[in-house]
Amino acid sequence: MTETIDYMVAEIPALQRYGRTLAGTQASAEDLVQDTLERAIHKFHLYQQGTSLRLWLFTIMRNLFRDQYRRQRKSRAIASELGHAANDSAPADQLDRLINAEMLAELDGLKKEYRDLLIMVGDQGLSYDQAAKAAGVPLGTIRSRLFRARSLLAERIGAQGGGAVHSFS
């Protein structure tokens with residue numbers, strides 16, 4: 001188990017970057033990283049050896065973020081119904097959070113191979129060569145999958161958001 005924790009600790013910088021992307025603030029990202037690591041340690045028996053630990057941790061983080069987002073949205077709706085929405089001031093990054101939530105929802109709907117590749121290249125900054133080695137496929141396959149993944153994602157977001165497509169790379 002100590003070796004596993006060492007591998008998880010090595011992923012903390014990547015988790016912090018991804019958490020910042022999701023949560024918008026450094027403090028929220030740190031909380032999200034802590035919650036992710038706690039959940040990963042408790043659920044490590046579900047991790048499939050031989051798969052990417054980083055992507056497994058990212059999946060946990062994304063799911064935690066979504067759960068928190070849903071809870072916050074639900075509590076705001078309840079407060080609004082009760083007429084306690086007096087302090088309904090929105091944070092400055094509300095639009096960014098909405099865009100990130102939409103992006104995550106659409107990203108989650110992509111095939112696993114597309115989703116994982118977009119995270120490796122788009123979020124983690126791996127080169128195409130590094131992604132090809134990590135995925136165990138030729139460079140040309142990475143290029144065509146990224147093209148298809150980005151096209152699908154742009155099409156889905158454009159259809160939902162009225163044509164506003166944000167670059168993912």
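Source: prediction; values computed, not measured.
Gln48 meets the side chain to side chain contact (heavy atoms under 4.5 Å, CB included) test with Thr51; sequence neighbours excluded. With sequence neighbours excluded, the residues that form a side chain to side chain contact (heavy atoms under 4.5 Å, CB included) with Glu30 are Gln26.
Note that OH of Tyr18 and CZ of Phe58 are 7.0 Å apart. Values are rounded to the nearest 0.5 Å. Note that CG of Asp35 is 8.0 Å distant from CZ of Arg39, once rounded to the nearest 0.5 Å. With rounding to the nearest 0.5 angstrom, the CG atom of Leu37 is 6.5 Å from the CG atom of Leu57.
Partner Gln68 forms a side chain to side chain contact (heavy atoms under 4.5 Å, CB included) with one of Leu32, Asp31, Asn63 and no other, that one being Leu32.
By the rule that hydrophobic residues join a cluster once side-chain heavy atoms approach within less than 4.5 Å of another member, Phe147 and Leu126 end up as members of separate clusters. Note on Leu46: it does not cluster hydrophobically with Phe44, by side-chain heavy-atom contacts below 4.5 Å among ILVMFWY residues.
Between Ile119 and Arg54, the closest side-chain pair of non-hydrogen atoms is not below 4.5 Å.
The closest donor-acceptor contact from the side chain of Arg115 to the backbone of Leu110 lies under 3.5 Å. Between the Thr141 side chain and the Val137 main chain, no donor and acceptor come within less than 3.5 Å of each other.
In the model, Tyr128 has no side-chain atom that pairs as donor or acceptor with a side-chain atom of Arg143 under 3.5 Å.
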